[in-house]
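Comments concern the structure below.
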Amino acid sequence: MSGEGNPTKTRTNTTPTAPPAPRRATAPAEADHGPEAAPAPAPAAGRTAPRPTGRAVFERMAERAVRPAGLVRRALARALDTLVLGAVAAGTARPLVPAATAHLEAKVDAAKGSGRTTTVWLFDTTTAGYLGLVLGAVLLFGVFYEALPTARWGRTPGKKLLGVRVLSAATLRPPTFGAALRRWLVYAFLGLPGSLWCLGDGPRRRALHDRAAGTYVAR
């Protein structure tokens, strides 16, 4: 008989089981290629590289386009303007020549009549006054022929024919009237020696009247 009342004994395996081996974490594939292969971080949303303004682009283009004019072209333009100024000087002096000649002849006759050796100076207060009238007329004409057109358009008629213009070294635009007037007056008193300064000047070949006015001659 099966003894139903007797409890059945079951054997429990008490042998301790080893813990599972830890799994090795595999490095991402990108790490095998070094830091050079790492992808660049994506730019943050809403951030873009600053773009240059239209004014900055225009100023850079203008600075590249405005090149100093050649010395030959500048010399020809100055020669044309000098012809105009010389014509004004000759036209002003012509009515004064008879009076100046009569004054000098009277001085020579007086010296001869004195009966003794004497020195006759051709340049005196009278002839200096006539010369001052001529120079004053040229300077005044130059204000309207040189200074005003230079301040308005950056060029005189002679410079316009030769395709050159006077610009401010700071703004790359025609100079102010004050700077243009200063440029004309310095040139009128220094003349050719002041213009020859450009032969030893820097890349912009500025003469002394350009140095005084802060300008240079461009194409």
Side-chain angles (χ1 to χ4, degrees), residues 54-97 99-100 123 127-219:
R55 180 181 179 86
V57 173
F58 174 78
E59 289 179 351
R60 285 200 299 266
M61 292 175 62
E63 188 171 0
R64 294 192 191 101
V66 179
R67 298 175 298 171
L71 295 180
V72 175
R73 191 181 294 265
R74 291 172 57 182
L76 292 175
R78 174 50 63 189
L80 292 177
D81 291 332
T82 302
L83 287 176
V84 176
L85 296 173
V88 173
T92 306
R94 184 174 181 179
L96 304 176
V97 170
F123 187 79
T127 54
Y130 293 148
L131 182 60
L133 289 176
V134 175
L135 292 178
V138 173
L139 288 176
L140 182 61
F141 177 79
V143 173
F144 297 96
Y145 184 83
E146 288 266 356
L148 282 176
T150 299
R152 182 65 178 86
W153 301 290
R155 56 185 60 181
T156 60
K159 290 180 175 62
K160 184 177 181 180
L161 289 176
L162 271 297
V164 298
R165 52 182 173 161
V166 178
L167 299 178
S168 170
T171 63
L172 301 181
R173 292 181 173 85
T176 62
F177 175 73
L181 181 61
R182 184 165 60 252
R183 185 179 190 272
W184 157 240
L185 292 177
V186 173
Y187 168 76
F189 284 101
L190 295 181
L192 183 61
S195 299
L196 293 178
W197 183 270
C198 67
L199 298 177
D201 196 67
R204 288 183 171 178
R205 301 288 188 181
R206 297 199 290 174
L208 285 181
H209 47 273
D210 286 313
R211 288 283 184 180
T215 58
Y216 76 103
V217 184
R219 289 289 302 271

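Only this structure's heavy atoms are used, side chains among them; waters, hydrogens and symmetry mates stay out.
Side-chain contact between Tyr130 and Val97: absent, with no pair of heavy atoms (C-beta onward) separated by less than 4.5 Å. Two residues are said to be in side-chain contact when any heavy atoms from C-beta on lie closer than 4.5 Å; Leu167 and Pro175 fail this criterion.
For the salt bridge (Lys or Arg N to Asp or Glu O under 4.0 Å) condition, the pairs that include at least one residue of residues 176-190, sequence neighbours left out, are Arg183-Asp210. For residues 186-195, the set of pairs meeting the salt bridge (Lys or Arg N to Asp or Glu O under 4.0 Å) definition, not counting sequence neighbours, is empty. Sorted by first then second residue, the salt bridge (Lys or Arg N to Asp or Glu O under 4.0 Å) pairs that include residues 184-199, not counting sequence neighbours, number zero.
Annotation: the span from Leu76 atom CG to Leu71 atom CG amounts to 11.0 Å, rounded to 0.5 Å. Interatomic distance, Arg173 CZ to Arg165 CZ, rounded to the nearest 0.5 Å: 11.0 Å. Going from atom CZ of Phe144 over to atom CH2 of Trp184 covers 12.5 Å, rounded to the nearest 0.5 Å.
In terms of heavy atoms, Val143 sits closest to Phe177 at CG1-CZ, 4.3 Å. Heavy atoms only, all atoms of each residue included: Arg74 and Ala207 are closest at NH2-N, 4.2 Å. Here the closest non-hydrogen pair linking Ala180 and Ala147 is CB-O, 3.4 Å.
Take Thr92 and apply the side-chain hydrogen bond (donor to acceptor under 3.5 Å, both in side chains) test, not counting sequence neighbours, and it matches no residue.
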Result block: side-chain N/O donor-acceptor pairs under 3.5 angstrom for residues 186-203, not counting sequence neighbours:
from, atom 1, to, atom 2, distance (Å)
Ser195, OG, Gly191, O, 3.3
Asp201, OD1, Arg211, NE, 3.2
Asp201, OD1, Arg211, NH2, 2.5
Asp201, OD2, Arg206, N, 2.9
Asp201, OD2, Arg211, NH2, 3.4

Would you mind writing out the side-chain donor-acceptor pairs for residues 78-90 within the sub-3.5 Å range, not counting sequence neighbours?
from, atom 1, to, atom 2, distance (Å)
Arg78, NH1, Glu146, OE2, 2.8
Asp81, OD1, Tyr145, OH, 2.8
Asp81, OD1, Thr156, OG1, 3.4
Asp81, OD1, Gly158, N, 3.0
Asp81, OD2, Thr156, OG1, 2.6
Thr82, OG1, Arg78, O, 2.7

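Looking only at distances, a side-chain donor or acceptor of Arg73 sits under 3.5 Å from a matching main-chain atom of Leu162.
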